[in-house]
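Right, one structure below, let's go through it.
Below, chains carry the letters A, B, ... as their sequence lines are ordered, and counting in each starts from 1.
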Amino acid sequence: MWHLVLKNKEMSGCGLAGIIHTKGELLPGELIIKSICLQEERGNGLGAGFAAYGIYPEYKDFYAFHIMAESKEALERVEDFLSHRTFLGYQEPIPTRKVKTIKNPPLFKRYFVKPKFEGELAEACEDFEDDYIVNLVMEINEKIEGAYVVSSGKNMGAFKGVGYPDEIAEFFRIDEYKAYIWTAHNRFPTNTPGWWGGAHPFTILDWSIVHNGEISSYGTNRRYLELFGYKCTLLTDTEVVAYILDLLIRKHGLPIQVACKVMAPPFWMEIDEAPPEEKELLTALRMVYGGAMLNGPFAILFAYNGGLVGLNDRVKLRPLYAARKGDVYYMASEEAAIRVVCPDPEEVWAPKAGEPVIVEMKPGSIPNQKSYLKPRPREVEEHELGIRCKHPAL
Amino acid sequence: MATPQFAKFYPDFYIERDLDKCIKCKKCIRECTYGAHIWDEKKKILKEDHSKCVGCHRCEATCPTGAIIIKKHPSAFREHANWTPWFIKNIYKQADQGGVLLTATGCAQPFKNYFDHLVLDACQVTNPPIDPLREPMELRTFIGPKPSLVEVEEGENGKFRLKKPLPRNIQLEVPIMFAAMSFGALSLHVHHGLARAAKELGTLYNTGEGGLHASLYEYGSNTIVQCASGRFGLHVDYLNAGVAIEIKIGQGAKPGIGGHLPGEKVTEEISKTRMIPVGSDAISPAPHHDIYSIEDLRGLIYALKEATEYKKLVFVKIAAVHNVAAIASGIARAGADAIVIDGLKGGTGAAPTMFRDYIGIPIELAISAVDKRLREEGIRHRVSIIASGGIRCSADVVKAIALGADAVYIGTAALIACGCTMCQKCYTGKCPWGIATNNPELIKRLPPEVAFEKIYNLVRAWAHEIKEMLGAMGLNSIESLKGNRDKLRAVGLTKEEMEILEVKHAGE
Ligand code: SF4
Ligand code: SF4
């Protein structure tokens, strides 16, 4: 059985890579493999993974569940659960190759589903669908022993496991996919749970996150998220980042730029000097979202159907580089990891502490495209924000 | 034959005078407010009455030749684990006088001090500690209600701005405030010192229940005015004088009873400030006579808000008692902007010994329980929690915040900074250090500038230590410490205790 609730919080150092085509053209897996494999020294063979967007055009309106299971029985339980709670469009094993160094890998299967609402709920809107899926994911992870949802977004998927990036790429046949956004991770955990689910990317819906760092404010962040019903069971920093993004951007309707100012806020001495309106906003963000501030060294890349964002902590204690050539943007922990796939970028820069690099695709580039550059109406009424708010679906 | 006074036979302290060093200047006689030093005119020597000594060390500290040492009285009773001298002497006192045992400061019983069973974390290798000398380190804290989310909109210039302003909050530059200690209990000089220190440090001091002396109105933006059951000195200008009003329901040193300022302490100035006749006892009743339920509290909170046109925050201070979590939840729902929880170890200028020592629960457990309850109910953001009672050092502050407090109050620590030696006799009005007295001669011993400097130095030093500890934990802002139990580990606590504190044991 897998113990999803780890006893101690994991700590790790890591390498990151991300690529996005702003017009939604597909980029071969080759690129991301090269970029992350160049950063081999940043991992220790205990975890690597990839996220790819645009890989399931034929099922673009279905939520793609990548399920990892330790046994056939666990997989059957997931199937049983999904058949009750969703409409199943299509399912298949995730194609893998035999890799000498990877012994006894778990089973991987993908399911393309749509929420199945009963009764009145049938008329629910799309945002409600997202909540429904989030709850499904939480339920599978929590209740079905030996099964774990690796990813659950539309037209995207995550592939991750225990091994070096080249081994994981080989295993999941990453070279056979084409995507308009790629992210990748090479992991150096300081403890060795040796569990495939512990690798990055971490995902929820179409959010995927790869992360290098240790979040010293983890305890505060976790308690803060609990207020809104998020259960942090994996004890990884990355999980916390994923939920904070989901809360701030999807639920509270904050634009990405503002959400980044919550996670990596400017110092008071900068805020005090800012023009009045900006000062008022930044002060309010720090007062209200103190519990969502990520304190400690980190560099993260997060992606969604429509964009890729890189962000550093407020004093830049972990490396992050960005580059552009034409319509393609690159981000990575090392400049070399960019140059290996793009030797002559038009621009290369090291983003400043707390200054996000936000790259969104041109409008209308891809199906179900999302944009989070503008404030959106919040999705919930204030009184519903308490933790006692449970969705009728549960 | 006169009835023997047993308590007098067994003094607590022993005044040791080195006659070789004594130059008979009689300074000790002038310094001791209890008359323990006596000049023997016949023999032309100094003598002492040990039974009068309260152990304040004033004579020892001021003797120009260092001829005096105050010791614990060496006379001993036969060992008995149960009947210690403390209990024996207390019984003598009560048998002699037939009264309630009186004392001051906070709980003196050796209950488990949870702060002393919690250790802090620091970074090693996997994340770097931050050096506060080189990097900014932020302690700014906001007291008051916050919404659960921020709504933004796009302005004309395409920049984002706040859609509606946040409710009023008080900004503190350091999460340490000065607890309620009244003018009357303390000298006006100490109040001036506290007020000025609060101003320079960017924090707040609290008037206590004794009203606000006219000379202190200028410190309004750093003042919390208190509204206690006696309503002394309470009028609309007073309520409007500060930035917050604190309704005092109870106090950690004496939960369930009111206050008593003896008539001897009610001088001209105090009479004016408190609006009571000179020389009359100022007795605040145990309950507020208009608060017999939580609805009544709500009534008073809103009466005060109305009276001040919603410009002031209203704090409610309670003693940490068994049901503190449920009570705090009620207070939050009644509309308070901050809840002050004063624990078992909270100090006082005068309390019955039984109350000081045995009523209430430790602040560490109370903060954790209250924070947890408010979170469970989804209302934690609506109030701030201020922890008070028994905060002795900056590590205690850090631990209190990691347990869920937004800020702390210090009282005793600020007085010790002014020279208090914890003689625990504040209620006599004879404080030889010029702190807990209003005797015009005695208060000269502590000028306001000295009080200010000492209190300011103390908090500045603590703030610096807090920054160092935050940096070591890899944090550069205090909000990342709030409720962060990961930074705490227990040493030598039981499972239940750790569950209540929500901490793991060291090594886990
Ligand atoms: S009461 Fe204070 S001043 Fe008086 S003898 Fe004792 S220590 Fe000295
Ligand atoms: S304030 Fe004065 S009377 Fe009170 S304990 Fe301190 S030294 Fe003694």
Salt bridge flag under 4.0 Å for residues B/Glu154 and A/Lys374: yes

Options A/Pro297, A/Gly296, A/Gly291, ranked by heavy-atom pairs under 4.5 Å with chain B, top entry: A/Pro297

From B/Leu162 atom CG to A/Glu278 atom CD, the distance as rounded to the nearest 0.5 Å: 12.5 Å

Part of A/Leu373 lying under 4.5 Å from any heavy atom of chain B: backbone

Distance-only polar pair, side chains of B/Arg485 and A/Thr220, donor-acceptor under 3.5 Å: no

Heavy-atom pair with the smallest gap, counting every atom of B/Ser477 and A/Met293: CB-CE, 3.5 Å

Shortest non-hydrogen separation from B/Val152 to A/Pro375 and the atoms involved: O-CB, 3.5 Å

With A/Glu270 via salt bridge (charged side-chain N to carboxylate O under 4.0 Å, His left out) - residues at least two apart: none

Closest heavy-atom pair and its distance - A/Leu281, B/Phe160: CD2-O, 3.6 Å

Salt-bridge contact B/Arg161-A/Glu280 (side-chain N to carboxylate O under 4.0 Å): no

Inter-residue atom distance A/Leu294.CG - B/Ser480.OG, 0.5 Å rounding: 8.0 Å

From A/Ser217 atom OG to B/Lys482 atom NZ, the distance as rounded to the nearest 0.5 Å: 13.0 Å

Point-to-point distance, once rounded to the nearest 0.5 Å, from OH of A/Tyr289 to CG of B/Leu149: 4.5 Å

Contact class of B/Lys163 relative to chain A, heavy atoms under 4.5 angstrom: neither

Engaged part of B/Leu166 at the chain A interface, taking heavy atoms whose separation is under 4.5 Å: side chain

A/Arg314: salt bridge (charged side-chain N to carboxylate O under 4.0 Å, His left out) partners, not counting sequence neighbours: B/Glu138

Pairwise side-chain contact, B/Met473 with A/Ser216, heavy-atom cut-off 4.5 Å (strictly under): no

Which portion of B/Phe142 sits near chain A, non-hydrogen atoms under 4.5 angstrom: side chain

Heavy-atom proximity to chain A below 4.5 Å, by part of B/Glu502: side chain

Derivation of the side-chain contact (heavy atoms from CB on, under 4.5 Å) call for B/Asp486 and A/Arg222: CA-CA 10 Å; B/Asp486 287 19; A/Arg222 194 197 62 217; 4.0 Å; yes

Residue of the set B/Leu470, B/Asn476, B/Leu481 for which side chain to side chain contact (heavy atoms under 4.5 Å, CB included) holds with A/Asn295: B/Asn476

Sequence-distant partners of B/Arg140, salt bridge (charged side-chain N to carboxylate O under 4.0 Å, His left out), two or more places apart: A/Asp272, B/Glu173

A/Glu226 side chain near B/Arg375 side chain, heavy-atom distance below 4.5 Å: no

Shortest non-hydrogen separation from B/Ser148 to A/Tyr224 and the atoms involved: O-OH, 4.4 Å

Check: B/His381 and A/Val288 side chains under 4.5 Å, non-hydrogen atoms: no

Proximal to chain B - members of residues 257-267 of chain A, heavy-atom separation under 4.5 Å: A/Gln257, A/Val258, A/Phe267

